Amino acid sequence: MIKSYVTGFPRIGEKRELKRALEGLWSKKEGFDEAKLEDTAKTLKARHWAYQKEVGIDLISSNDFSLYDLMLDTIYALGCIPFRFRGLSGRELYFAMARGEKSAVAMEMTKWFNTNYHYIVPELNKDTKFSLNSEKIIAEYNEAKQNGINTKINLIGPITFLALSKTTDDSCAFCHLDAVVGEYAKLLEQISKLDDEVFVQFDEPIFVTDKGDALSDKITPVYEKLTGVSSNIKIIFMTYFEHALNAVNEVLKTKIYGLGLDFIHGAKNTQALPALANSDVKLFAGVVDGRNVWKANIDEKVKFVKELESKLGGKDFYIGSSCSLLHVPFTLKYEKKLNDEVKSWLSFAVEKLSEISIITSLANNKELCEVASKIYAQNKASANSRASSALIHDKAVKDRVSNLSKFERDMSFDERIKIQQKALNYGVLPTTTIGSFPQTVELRVARQNFKKGEINKLAYENHIKAYIDECVKFQEECGLDVLVHGEPERNDMVEYFGEQIKGYAFSENGWVQSYGSRCVKPPLLFGDVSRPEPMTVEWIRYAQSKTSKIMKGMLTGPVTMLNWSFVRDDISRAEVAKQLALCIYDEIADLQDAGIKVIQVDEAAFKEGYPLRAENIGAYEKFSVDCFKLSVASARPETQIHTHMCYSEFNDIIKTIEAMDADVISIETARSGNELLKIFKAVGYKQEVGPGVYDIHSPRIPSVDEMVAQIKALLEVLPKEQLWINPDCGLKTRKWEEVEPSLKNMVEAVKIARAL
Ligand code: GLN
Ligand code: ZN
């Protein structure tokens, strides 16, 4: 018998109700208070449980809900509160840790594995004490029970919790392992009293990483203790995002009830099946993609599940989502504008529930109810239409990719840079910015009005032109060397290009939680992509016509487009990447024909695509470098290609960055002095570098002196001839009052530094 489960469900609400309730409370908006937040949370939980129950999911979670973040909930539940928050309690303490308050800065936040979700990083030191507060966990179980559901309780596993913690002294987080496990044991003791039998899911995704492999010897002692607490608790050791092969044998040594493995993003997990077949541990197989938005092909999934069954020797097991559905949008219900055919290929969290349920029924040879039969029929139809739709398949694009003969630029950097220096005629320490200037309220309003049809194209374009005029004028006055147009026509660096590329679609309501109340709406890359018309040329040409200085063209790179979109899964990523690269390739060709001499190809999300396991890094690096090089291969030797990355740590990837072969790279090192630049020197990096001389993430205006000091520090590492001077990222989130004096000071600082 096969049963179904869901690893976890999103919580922000299908209309982002939680976001509104949180932000209303934080900003003390009328009608918003703690009671309203409480009420919203209760409604959402009940609704989410009902969705799962309605379609017949066997194992539904509680404690997958959170007002901010589950790692933060765990910090709170374990009572390991950083000292600076002393004196606070309850909700006030909880939100202060996440967002900071007058006397205490917020805790650090970082990316959850290789997703775009961010968690709060636990802060420990050798004196940290733990004391359990189980209230939320127990209450949520009881709440679900009142809704008629016996849930599995989701917890962050102790090993993953410590592995993701940082220490503020030099102590090791794992010196707290016994203490932490002690608190978890107390928690299980309380849980054991809730019912005759309770499922508890311990999320231990650290074991899909190399770091986790080194921790696998901790599994047996920790989980022997936890499984020993009470025989009525069934513990599931849950992993996702990659294979967890090195943890499997350890898990099988314990009395753990179930082991969760991701068969979508960790295909190698099938190697664990023989061992599982010979063990009492039950498999929880993630078979429906929790990280992408396409319909699962139900027939193929059923086939796969039956194979699992036979490899397990007919043993009972569970099937579900490959990870929490937190990483996909809620529901297609509110999508009114999406093309019907594109919509028919999609499946968001709510729709995935039906898929899981139907796959389970079919694999058990059970008859489907009427509603399920209809969904199943639609699923088959959608699989067929995806295989043949003219919206997806574009022969010209496919042919072009398979007949490619030019993959990189002509001439080496050494030769190119000589030609460029002559053609562009810039001196030492040239100054520039990263592209965007402040996005003002007027700009946003104009864009919205244009989209709504309230102002016509001409009126809108006049707004944009006026903004560009101002930007150019300011930059000239300021004395910057390489100017930008300011990106006033762009809402978002991926969306702007996606909207002009054939093969991309946009949802109205496809929000995914990024952190706390913040959500993003990734575009949907559904088909063969191509660029019907130039995307940026008119604006850049206009901007260039307003100045005799160099105007820098501004594009978003293919790797970033890929990493910040939901990407089709019917062809390889490498294939999609090539198609995207060719869109940029054509744009560069057109820009340079329009007289643009410097073009920046932003790869803000380059590092985000890095795989979780070292074994896959080489392939990713080759793929992304090839993709970037192809995208700029149309640039003539005299056209200077810049790239920008929102990172500062390049130690592990410097050779890859060098291999991208950009003439100039600007990076985000402003907060780390010259420390992180040293790697560029250490490897003999030849291309030019703009390390960022001030931090644009803060409203502070940097003084001339401090930027002179910063430039001097940079000059200790790299020679004048190799350095560019710029802020460390785009300026769109800043105000003009901050940007103007900051850039003027920057140019002043450069003048002083040049004379040194
Ligand atoms: N050119 C973009 C800008 O200036 C780069 C954005 C980014 O680095 N995230 O806004
Ligand atoms: Zn940036």
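This is a predicted model, so every value here is computed, not measured. Counting starts at 1 for both ligands and their atoms, in listed order. All residue numbers in this chain count up from 1 along the given sequence. The figures that follow rest on heavy atoms only: side chains count, while hydrogens, waters and symmetry mates do not.
- Rounded to 10°, the angle that SG of Cys729 and SG of Cys646 form at the Zn ion (ligand 2) is 120°.
- Looking at Val482 and Lys549, their side chains never come closer than 4.5 Å, going by heavy atoms from C-beta outward.
- By the 30° and 60° cut-offs, the orientation of the rings of Phe450 relative to Tyr460 is parallel.
- Heavy-atom proximity to Asp602, at under 4.0 Å, picks out these atoms of ligand 1: 1 (N), 2 (C), 5 (C).
- With respect to atom 10 (O) of ligand 1, the closest heavy atom belonging to the protein is Ser436 OG, 2.7 Å.
- Short contacts between ligand 1 and Cys729, defined as distances under 4.0 Å to a heavy atom of the residue, involve ligand atoms 7 (C), 8 (O).
- For Glu499 and Lys451, the salt-bridge test passes: some basic side-chain N is under 4.0 Å from an acidic carboxylate O.
- Counting the atoms of ligand 1 from 1 in the order shown, those under 4.0 Å from a heavy atom of Gly435 are 4 (O).
- Against a heavy-atom cut-off of under 4.0 Å, Met493 is close to the following atoms of ligand 1: 6 (C), 7 (C), 9 (N).
- Not one N or O of Trp564 is nearer than 3.5 Å to an N or O of ligand 1, by distance alone.
- When the heavy atoms of Glu668, Gln600, His644, Lys732 are ranked by distance to atom 8 (O) of ligand 1, first place goes to His644.
- Of the N or O atoms in Ile434, one or more lie within a sub-3.5 Å distance of an N or O in ligand 1.
- Looking at Cys646 against ligand 1, only its side chain comes within 4.0 Å, counting heavy atoms.
- Relative orientation of the Phe437 and Phe474 rings is perpendicular, given thresholds of 30° and 60° on the angle between their planes.
- Atom numbering of ligand 1 starts at 1 in the shown order; those under 4.0 Å from a heavy atom of Gly730 are 3 (C), 4 (O), 10 (O).
- Cation-pi geometry between Arg291 and Phe241 is satisfied (NZ or CZ under 6.0 Å from the ring centre, within 45° of the ring normal).
- Between Arg531 and Asp590 there is a salt bridge, since at least one side-chain N of the basic residue sits less than 4.0 Å from a carboxylate O of the acidic one.
- A pairwise comparison of heavy atoms in Asn509 and Lys521 identifies N-CD, 4.2 Å as the closest pair.
- Between Tyr647 and Phe650, the angle of the ring planes goes over 60°, which puts this pair in the perpendicular group of the 30/60° scheme.
- Taking the Zn ion (ligand 2) as reference, the nearest N/O/S atom within His644 carries the name NE2.
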